[in-house]
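Just below is one structure, and these are the notes that go with it.
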Amino acid sequence: MPRRPPNPNDHLLRPSSSSIIRLVKSVANLDEPPNPPYLLHLFRQIPTPTTFLWNIVIRALFRGSSPLDSLRLYDQMRKRSVSPDAHTFKYSFKACGAGSLIKEGKSIHSDCVRRFAETDALIANSLMQMYVEFGEIGDARRVFDSIVTKDVVSWTTILNGCLKSGAVDEAVKVFDAMPERNVVSWTIMVSGFAKIGLSGEAIGFFKRMVEEGVKPDEVSIVSVLSACARSKDLETGEWVHRLCGNKGELTAVALVDMYAKCGNMESARRVFESADRRVTPAWNALIDGYCKSGDLESAQSLFDRMDHQRRDVVTFNSMITGYIHGGRFKEALRFFKEVQRLGLRPDNFTIVGFLTACTSLGALDQGRALHAYIVTSPIKNDVYIETALLDMYAKCGHIDHATAVFARMQCKDRQAFTAMISGLAVHGEGESALTHFDSMIEQGIRPNGVAYIAVLSACSHSNLVEEGRKRFKEMKSIHHIEPEIEHYGCMVDLLGRGGRLKEAEDLIQTMPIEPNSVIWASLLNACRVYNDVELAEKAAKKLIELEPDEDGAYVLMRNVYTRARRRAEAANVRRLMEAKGVRKMKGWSSIVVDGAVHEFVSGEASHPEMERIRAKMEEVEGRLRSEGYVAEGAGEVWMDVTEEEKEGVVCAHSERLAVAFGLVRLGSDATIRVMKSLRICGDCHSAIKMVSRIYAREVVVRDRSRFHRFRDGVCSCNDFW
DNA sequence: AAGTGTACAA
């Protein structure tokens, strides 16, 4: 029968019953899913449909993604006492599976056993598949065992169910016991193992399949290429490429993605350029590859070359994360505006990207606005969004909001716990961080190296030396995680700041990894705090070897000599710096007022409201002095300036300018929130403490390593940072 | 009965 296109006005012609039946059959059998209301409208005009007609409409409806309509039809069929046959059940089970209609599925199952034995593979296979989609592997297994003559689909379905439910050993048993395996069975093994991170095994199954003479199809090729991409197995990827050529647009996409993820952008580009159809996923895979390799220019030029109509939300998401990883947050935020302007629907990936940009910029207000938007939008919170949200609040200074987000999370994974722990760490809440870590382990979540970085840095920020030592030992002895350079860095910091300089030095000497600049800088900083000139000289020498152009070692060394009253040597360091052309890095601070970011650089007077700021600073200085404040500049030199300049410039440190600006422009009860690019200096720290008391203002400073919350003359760091 | 591009913690 020739298929005719559905015409919405056909029903107006009041056709005969037989032509309606022909129309329903043709609409229901279309490859493209029909419009459900239209199909139902036609169907209802048939006075007494046969079981066959009910069946094809039930099938058409769930294919058109209306599984609930399928089941309504099944119910009507029963009410009108039409006998269901095997196909009725097959399609109804599929509809239940597709729509996660668990209750309905079980009830139809019991209807079914009253009429048919489960031993019929036609029914049993779809029933099994339904239980697999419900995640009820036990029920699926029971159905499987009851089938008398299992065909290859029965075996393959239960195999898929085992892997989906995480029963890997069971899956292997089923696979070995199968009397016959086709390309689908093999592909299930390939993708199932790849999904749980065992890409090597996944690739092994593919190779075995080829050896046993089963011809790979496009789905299996795509699966194995994805496994190669995941495990960065370029060699196998190239072998698959030779095996399959680049036939088929899905293969081409998978090849581009595989080469890009393996870091071979030349091959990725070659496949892309020679593909007959450059579909959006292929562009996206290539763009993302350039972003991941840090080549934002190539990514941007591809993006520009792309047909505007072709760009989808994934394209934008890739660009956004690319710019974020490149540290270009403001440009990343511009893509969001573009997504909205084009009327594309931001998805969870977009939201996470936006939040990450806010976190890095310290843009609390924008992050908060997005949080409000999520609540009212159709976007469903997931663990990524929630983790990004809590991280945003923590890093923007609101540890209480972060804690609240965390408490409400339905499923807390390792990343969520780690974000919470490191949030508590930078706020100096070490004990709470350790409690969270312990409760994570109690819940059966195994820590990894990153979680341990968070824990050890929490100990180090809160001066929990013994706890830190204990955790560091347990890391290897209990959790079998080999410490990496970052963990040694935390330990050197912890021991050094805790005054155990000798132990810190011993650790550096005995650690199995070559110490890096972070480690030597930590030790040097500890030497400055505890006035150990000799060890400081050793550390500085190493640091300068590793980073000859950086100013850190010189600045710290000058402070060490000055504090030890060895002025000649301090001056010598200064001369050395000048001779080598090492320049001091200028720090900056920023503060948000009325949604606008204001940036301040030490000693610079470029801000348009500088007059008011200067007046405020003079007033503040006056009040500090009358309260007995003396600039610590006499003992410690923090800036690269001469003695005469010293006090004046210390007073003009960027964080002081930002705080003064906050006093001028913010309401008298608003918290002053400042972000600083470097660590806060000791002098500013004491001054801001007093400001918080004299002006009865809460001041929060986020510096390079942690938060300082100043309230009533006290800082949350307890002067330890 | 199987597959495909983008995300969070340091």
Contact class for [X] vs. all strands (heavy atom < 4.0 Å): base, sugar-phosphate, or nothing?
X	value
A:N125	nothing
A:T280	base
A:K94	sugar-phosphate
A:N448	base
A:V253	nothing
A:H487	nothing
A:I188	sugar-phosphate
A:S223	sugar-phosphate
A:N182	base
A:K395	sugar-phosphate

Proximal nucleotide (of [options]) relative to the [X] side chain:
X	options	value
A:K261	B:dA9, B:dA1, B:dG5	B:dG5
A:S318	B:dT6, B:dT4, B:dA10	B:dT6
A:T356	B:dA7, B:dT4, B:dC8	B:dC8
A:K195	B:dC8, B:dG3, B:dT6	B:dG3
A:D217	B:dA1, B:dA9, B:dA2	B:dA2
A:N160	B:dC8, B:dA7, B:dA1	B:dA1
A:D257	B:dA7, B:dG3, B:dT6	B:dT6
A:T418	B:dA9, B:dA7, B:dA1	B:dA9
A:L250	B:dT4, B:dA10, B:dA7	B:dT4

May I have the distance from [X] (atom [atom1]) to [N] (atom [atom2]), rounded to whole angstrom?
X	N	atom1	atom2	answer
A:M491	B:dA10	CE	C1'	17 Å
A:I324	B:dT6	CD1	P	16 Å
A:L389	B:dA9	CG	P	12 Å
A:L127	B:dA1	CG	P	13 Å
A:E338	B:dT6	CD	C1'	17 Å
A:N284	B:dG5	CG	C1'	5 Å
A:M409	B:dA9	CE	C1'	11 Å
A:I221	B:dG3	CD1	C1'	11 Å

Using atom types as modelled, flag every donor-acceptor pair under 3.5 Å from a side chain in residues 482-489 of chain A to any protein atom, sequence neighbours excluded.
| unit_1 | atom_1 | unit_2 | atom_2 | d |
| --- | --- | --- | --- | --- |
| A:E482 | OE2 | A:K476 | NZ | 3.3 |
| A:H487 | ND1 | A:E484 | N | 2.9 |
| A:H487 | NE2 | A:G449 | O | 2.8 |

> Is the ring centre of A:F349 under 5.5 Å from the base ring centre of B:dT6, and are the two planes under 30° apart, so that they stack?
Replying inline: yes

>> For A:F303 and A:W283: C-alpha separation, side-chain torsions, deciding distance, then whether ring-ring contact (aromatic ring centres under 6.0 Å, His included) applies.
In response: CA-CA 8 Å; A:F303 179 86; A:W283 286 89; 9.9 Å; no

Output side-chain donor-acceptor pairs under 3.5 Å for residues 122-132 of chain A, partner residues at least two apart or in another chain, one line each.
| unit_1 | atom_1 | unit_2 | atom_2 | d |
| --- | --- | --- | --- | --- |
| A:N125 | OD1 | A:S154 | OG | 2.9 |
| A:N125 | ND2 | A:A121 | O | 3.3 |
| A:N125 | ND2 | A:D151 | OD1 | 3.2 |
| A:S126 | OG | A:I123 | O | 2.9 |
| A:Q129 | NE2 | A:E133 | OE2 | 2.8 |
| A:Y131 | OH | A:H109 | ND1 | 2.8 |

> OP1 or OP2 of B:dC8 less than 4.0 angstrom from a side-chain nitrogen or oxygen of A:H325, does that happen here?
Replying inline: yes

> Using a cut-off of less than 4.0 Å, is there contact between a side-chain N or O of A:K292 and OP1 or OP2 of B:dA7?
Replying inline: yes

>> side chain to side chain donor-acceptor pair (under 3.5 Å) for A:Y290 and A:R269? Distances and angles first, verdict last.
In response: CA-CA 10 Å; A:Y290 282 122; A:R269 186 97 198 194; 3.2 Å; yes

Is the shortest distance from a Lys or Arg side-chain nitrogen in [X] or [Y] to a carboxylate oxygen in the other one below 4.0 Å?
X	Y	answer
A:D438	A:R471	yes
A:E338	A:R341	yes
A:E273	A:R278	yes

> Taking atom types as they are modelled, is there a donor-acceptor pair under 3.5 Å from the base of B:dG5 to the side chain of A:D312?
Replying inline: yes

